[in-house]
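Step one of this worksheet: look at the structure below.
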Amino acid sequence: MSRQKCETIKISVVGTGSKGNAYLVQVGDSKLLLDAGMPMAKIRKFNNNRICDIDAMLITHVHNDHAEFAEELRNNGVRMIYNINEIDCGKFIVRGDYQKHDVECRGYSVYFPNANIELHYITDTVEPIVSAELLRNDRRHYWIIECDYTEATMQYNDEHESASVAMRNQRTRETHLSDRTVIGFFRRDDIPADAILFVHKSGLNFDIGLFVLKWDKGMPKMLVAENGGIYEMRGKRIDRVLV
């Protein structure tokens, strides 16, 4: 298919962060829910009070902030995709890759053939893993990917917050993505990226000012997701939609 196809991908951030993650993605007439850590009623509010037209939900892992409401959604007719290598859903093709976490976790790449878009969703890991074959194709590559903490902020909190915070931060270092890791990842020549939405930021350990300062001007356009935000990616742009 031609690279010139340039449909919009719309992302509604139902929830992001340790209190719950769910991202409703729309490409053309396809709707896909990435994780189900928010109640069905809240997801419906971002989808014209409907749930039946969501084609599927992808669950990365079983922690409550990503999967607590998956069963509720499945019982109401939303197809659940979890722990798969590859599946053709008709409107899109889903490929899963293992991510390093403290429980079994997958990142997903979703190909929308009618739009020639490859969407990569990666969260809760210390190193993004995507099959090289998926990165070599001539498609639009969009990313929804975690950046949980800025290293300088976490180090400051280790020294100035309580001992329990420092202990929790050590676990975070072993299971989540830092600013250094994601910036290094997108500086690589073999990582195609047309636009990026960063998610799952820590309220305590993430400093958006520090993150933006480290982001090179020549790197892909990116935004950091906010709860309730609606974002659109098109071509090499990403914009927040005013509603």
Side-chain angles (χ1 to χ4, degrees), residues 1 3 5 7 9 11 13 16 21-23 25 27 30 32-35 56-63 66-67 81-89 91-113 115-149 173-201 211 215-216 218-225 231 233 235-236 238:
M1 286 194 175
R3 165 79 171 183
K5 285 196 173 185
E7 282 198 44
I9 178 168
I11 305 156
V13 180
T16 185
N21 296 270
Y23 310 94
V25 172
V27 179
S30 301
L32 184 62
L33 185 67
L34 306 178
D35 276 329
M57 59 176 160
L58 304 184
I59 303 300
T60 54
H61 61 293
V62 298
H63 285 158
H66 292 264
I81 297 173
Y82 169 67
N83 196 22
I84 58 92
N85 291 322
E86 186 169 342
I87 186 169
D88 188 338
C89 297
K91 293 181 180 180
F92 45 82
I93 299 169
V94 180
R95 170 75 176 265
D97 286 293
Y98 283 109
Q99 309 296 317
K100 184 180 178 182
H101 196 45
D102 56 4
V103 297
E104 188 171 275
C105 183
R106 296 273 184 142
Y108 294 105
S109 296
V110 186
Y111 175 49
F112 298 88
N116 204 32
I117 284 173
E118 192 89 54
L119 172 65
H120 307 283
Y121 175 52
I122 295 177
T123 187
D124 288 54
T125 185
V126 293
E127 179 184 3
I129 297 173
V130 183
S131 299
E133 63 188 91
L134 296 178
L135 301 175
R136 289 195 293 262
N137 52 52
D138 188 26
R139 301 169 182 169
R140 291 282 176 192
H141 287 264
Y142 297 123
W143 296 78
I144 301 173
I145 184 170
E146 175 187 274
C147 182
D148 187 86
Y149 64 97
R173 288 184 177 94
E174 297 169 355
T175 54
H176 289 274
L177 283 164
S178 70
D179 58 337
R180 184 206 301 262
T181 300
V182 296
I183 289 171
F185 182 73
F186 286 110
R187 280 177 177 156
R188 287 168 43 183
D189 293 336
D190 61 335
I191 303 299
D194 289 288
I196 306 161
L197 183 65
F198 285 106
V199 298
H200 207 299
K201 68 177 181 180
F211 184 61
W215 195 259
D216 299 338
M219 294 176 69
K221 299 296 183 184
M222 66 85 176
L223 288 174
V224 178
Y231 302 85
M233 296 175 174
K236 291 185 175 293
I238 177 170

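This chain uses plain numbering: 1 for the first residue, then up along the sequence.
Judged by distance alone, the side chains of Ser109 and His120 do bring a donor and an acceptor atom under 3.5 Å apart.
Under the 4.5 Å side-chain criterion, counting only non-hydrogen atoms from C-beta, Leu197 is in contact with Met233. Considering only heavy atoms from C-beta on, Leu135 stays 4.5 Å or farther from Asp190 through its side chain. At least one side-chain heavy atom of Val25 sits under 4.5 Å from a side-chain heavy atom of Ile144. Side-chain contact between Thr125 and Glu146 is absent, with no heavy atoms from C-beta onward closer than 4.5 Å. Between Cys147 and Leu177, every side-chain heavy-atom pair lies at or beyond the 4.5 Å cut-off. When side chains are defined from C-beta on, Phe92 does not count as touching Ile87, because their heavy atoms never get closer than 4.5 Å.
The local environment of NZ in Lys221 is sparse, with at most 12 non-hydrogen atoms from other residues, nucleotides or ligands closer than 6.0 Å.
Cation-pi geometry between Arg95 and Tyr108 is not met at under 6.0 angstrom from the ring centre and within 45 degrees of the axis.
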Taking it one step at a time, do Ile145 and Phe198 satisfy side-chain contact (heavy atoms from CB on, under 4.5 Å)?
CA-CA 5 Å; Ile145 184 170; Phe198 285 106; 3.6 Å; yes
Take Leu58 and Tyr121 through the side-chain contact (heavy atoms from CB on, under 4.5 Å) test and state the conclusion after the steps.
CA-CA 10 Å; Leu58 304 184; Tyr121 175 52; 5.6 Å; no
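Checked against side-chain hydrogen bond (donor to acceptor under 3.5 Å, both in side chains), Ser178 has the following partners two or more places apart in sequence or in another chain: Glu151, Thr181.
The backbone N or O of Gly235 lies less than 3.5 Å from a partner atom in the side chain of Tyr142, making a donor-acceptor pair.
Contact detail for Asp97 and Val130: the closest heavy-atom pair is OD2-CA, 3.9 Å. Contact detail for Phe185 and Ile191: the closest heavy-atom pair is O-CG1, 3.4 Å.
Using bins of under 30°, 30° to 60° and over 60° for the plane-to-plane angle, the ring pair His66/His200 lands in the parallel bin. Relative ring orientation between His63 and His61 is described as perpendicular, the plane-to-plane angle rising above 60° on a 0-90° scale split at 30° and 60°.
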